[in-house]
Amino acid sequence: SLAATTKHPRNGVRIAWKNSIGVEAKYDWWYSVRHVHRGKNAIGSPPRRIPAGDPTMKSEILRLLLLLAVISNVSAASDAPPSADKGSMLDSFLAAGMPDEILFAVRKPSIDGHWYGNIGYYATDQCRPTFPMHSGGKLCIYNVKTKKVRTIFEDPEGNVRDPQLHYDGQKLIFAYLAKGKRHYSLYEINLDGAGLQQLTGRGEDVVPGMEDEQTYSPPGWDDFEPTYLPDGDIIFCSTRANRYVQCWLTQVATLYKCDADGGNIRLLSPNVEQDNTPWVLSNGQVAYMRWEYVDRYHLGYHHLWAMNPDGTRQMVIYGNQIDSGVILAPKPIPNSPKLVVTWSPGHGMREHYGRVALIDPRLGPDDPKGVQYISKGNTHCDPWAFSEEHLLAANKTAIELIDGQGATEVLYRLPDELAKAGYWIGEPRPVMRREREPILADETDPAADHGTLALANIYRGRKMRELEPGTVKNLLIYEVLPKP
């Protein structure tokens, strides 16, 4: 697949591509009146200087023209609509349960390169946000049959992200940074665009004496990535923990919960680093990404965990012994034990980009066979699954259909004027009713001044089977202290 064809700085052409197994290669061609050069190729062959008049010059030029022609055809084919022989995926997706309408957000992507650097401001400069603040955003719905788009909410000088539909399919919750504000808060709106109401952050960004933004950090918190719980409450990420990433300059967000009206906010996660993208599993628990930063390599462990909606019984689902990748946006797959996720490579990419993948928790949290990569590159975010073979995700300026083999088809693309202005699509969600998951009883007591530590039989652990009972004499327990 063509990666890039650009003008070479020395009066020539640089051609780069990837082969079928993803290995990158490139040729640098440049030319002058007297000489034609071929740059060092991907397998290390040395460059050759071809004097003017040399009989090989003609063949080299023909080779270049042929390569350019082939790449041009490949590039054109990559954006072409499905051929008549192949057929569109749309009918198959509709048959698999995809509804007629897809909800999505439109916004400009973050400036910071980290997956978490998309809210707040830098510790060194409270006037420097990590994203293009007040650059405009909106919520839209695309009809896959009429091909028409309607806007249900827009603020040309605000920021909009993280829409999530209610179980009844009639309203949604989202994160909104309004014109003149410095923080995201949670808002709710009906699907017809009526009934906008603010749920969190009311009055929190106003502190007498701190109005000078050049002197003081803006008061208040960022609340974002919300999702509805089956009992009517809302779980979300928030910077209310009031701390910064230990190895970077941006703020930490952890998991919180509030009532349906935004009141009674309480902390769920004591994590000292990021929690992200909570989502309710089919058993009523909440899956989320946890950056595990306790006596561990700080760039390696940010994988999939689960907790009860009251914050208890936190436990790894997958990946906590795999020292790379960030597992984001987990969601259950209908009629399957697997989860669809975004596997963002290494220490993660901005805007949660990576490969759409399927996770099978039945194989245990550490088995490499438990992950199945679907995307052919780090080109997608915010996946949704109608089945293991029918996936939906954002690809910058497009919403794409993805089959189980990684083949893609553009379902919708932003108008050219928005794409050229730097806007991307985020969080595509099918507009449909959903069954509520089981409601798990709240086991916490806010009035208690202590907690209970439950100790299991360690000899029944998945990696302790060969250890004779009585071998272990002491247990090392880490206490994660609140910061700052």
Side-chain angles (χ1 to χ4, degrees), residues 1-6 16 18 74-82 88-90 93 98 101-113 115 117-118 130-163 174-175 177 277 328-329 342 344-345 348-356 374-384 391-403 406-431:
S1 60
L2 179 66
T5 302
T6 59
K18 288 185 179 180
V74 170
S75 179
S78 66
D79 284 333
S88 172
M89 297 183 189
L90 182 58
F93 271 70
M98 186 177 79
E101 294 189 322
I102 305 296
L103 168 73
F104 60 94
V106 178
R107 64 176 180 274
K108 290 186 177 180
S110 58
I111 301 166
D112 191 279
W115 93 85
N118 52 23
T130 66
F131 62 101
M133 188 178 288
H134 303 139
S135 57
K138 58 183 177 178
L139 297 174
C140 301
I141 293 179
Y142 174 68
N143 190 295
V144 302
K145 292 185 176 179
T146 66
K147 313 299 183 186
K148 293 182 178 180
V149 178
R150 72 179 189 271
T151 299
I152 62 174
F153 179 77
E154 182 174 12
D155 184 347
E157 298 180 67
N159 298 83
V160 177
R161 53 176 291 177
D162 309 324
F174 66 105
L177 188 154
T277 57
L328 295 157
T342 302
S344 197
M349 297 173 64
R350 70 168 180 160
E351 293 297 326
H352 298 185
Y353 266 76
R355 301 174 70 179
V356 173
I374 303 298
S375 297
K376 300 184 183 301
N378 298 312
T379 53
H380 294 98
C381 71
D382 304 315
W384 187 284
L391 310 168
L392 180 80
N395 183 351
K396 294 184 178 178
T397 60
I399 300 173
E400 292 188 345
L401 307 177
I402 312 171
D403 69 14
T408 63
E409 178 182 323
V410 173
L411 178 67
Y412 169 75
R413 192 181 297 279
L414 282 179
D416 287 345
E417 60 269 22
L418 288 177
K420 290 178 181 177
Y423 289 94
W424 288 8
I425 288 173
E427 300 87 35
R429 313 283 196 229
V431 179

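- Between atom NE2 of residue His134 and atom CG of residue Leu177 there is a gap of 5.0 Å, rounded to the nearest 0.5 Å.
- A salt bridge links Glu351 with Arg107; the closest basic N to acidic carboxylate O contact falls under 4.0 Å.
- For Lys108, the NZ atom is densely surrounded, since the number of other residues' heavy atoms within 6.0 Å is greater than 12.
- Counting heavy atoms from C-beta on, the side chains of Met98 and Leu90 come closer than 4.5 Å.
- Annotation: Lys145, atom NZ; neighbour count of heavy atoms from other residues, nucleotides and ligands within 6.0 Å does not exceed 12.
- Contact record, Pro109 with Pro132: O-CD, 3.0 Å, taken as the closest heavy-atom pair.
- Using a 30° and 60° split on the angle between ring planes, Trp424 and Tyr353 fall in the perpendicular class, above 60°.
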- With side-chain contact (heavy atoms from CB on, under 4.5 Å) as the test, would you mind laying out the steps for Ile102 and Tyr412 before giving the verdict? CA-CA 10 Å; Ile102 305 296; Tyr412 169 75; over 6 Å; no

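- At least one side-chain heavy atom of Leu401 sits less than 4.5 Å from a side-chain heavy atom of Leu392.
- Atoms CG and CG, on Asp162 and Leu139 in that order, are 10.0 Å from each other to the nearest 0.5 Å.
- If you take CG on Leu103 and CZ on Arg429, they are separated by 8.0 Å, rounding to the nearest 0.5 Å.
- Each of His352, Arg355, Glu400 was checked for a side chain to side chain contact (heavy atoms under 4.5 Å, CB included) with His380, and the lone residue meeting it is Glu400.
- Rounded to the nearest 0.5 Å, atoms NZ (Lys396) and SG (Cys381) are 10.0 Å apart.
- Rounded to the nearest 0.5 angstrom, Phe93 CZ and Leu391 CG are separated by 6.0 Å.
- With Thr342 contributing its side chain and Gly354 its backbone, the two residues share no donor-acceptor pair below 3.5 Å.
- When every heavy atom of Gly117 is checked against every heavy atom of Ser110, the shortest pair comes out as O-CB, 3.5 Å.
- Contact between Ala393 and Pro383 at its shortest, heavy atoms only, is CB-CA, 4.1 Å.
- Atoms CD1 and OG1, on Ile374 and Thr408 in that order, are 12.5 Å from each other to the nearest 0.5 Å.
- Side-chain contact between Phe131 and Asn159 is present, with heavy atoms from C-beta onward closer than 4.5 Å.
- Across all non-hydrogen atoms, the minimal contact from Glu409 to Met89 is OE1-N, 2.7 Å.
- Taking each heavy atom of Val149 and Tyr142 in turn, the nearest pair found is CG2-CD1, 3.5 Å.
- Using a 4.5 Å heavy-atom cutoff, the side chains of Asn378 and Ser344 are not in contact.
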